[in-house]
Amino acid sequence: MLATRARSDGLSLEAYLLAVVLREASSARNRVLVSGLSEWTTGTGVTGENVLSVRSTKAAASGWDDD
C-alpha cells in the first residue's frame with residue numbers, strides 16, 4: 001500500500017516515508033511525540049532530534065512555516 005502511494009506520487013518509498021514523517025512532525029502537538037522518538041528507535045541510530053533537524057532543514061529550504 002505505501003509503495004503504491006509512493007509510486008503514484010512519483011517518489012521512492014524512502015522519499016515518500018520521509019515526506020510523511022516531515023508532514024506529521026510539522027504540527028506543534030506532534031513535536032512532543034517526535035521528541036520522544038529516540039525511545040522507540042533504540043538501536044537504529046535515529047533520534048527525535050534527527051527527525052526535527054531534517055524537518056527544520058526541509059522547512060527552511062522549502063519556505064514552510066516551521067511552527
_side-chain contact (heavy atoms from CB on, under 4.5 Å) evaluation trace for Thr4 with Met1_ = CA-CA 5 Å; Thr4 301; Met1 176 188 252; 5.7 Å; no
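Annotation for Leu13 and Ala3: closest pair CD1-N, 4.0 Å, computed over non-hydrogen atoms.
Take Ala15 and apply the side-chain contact (heavy atoms from CB on, under 4.5 Å) test, not counting sequence neighbours, and it matches Leu11, Ser12.
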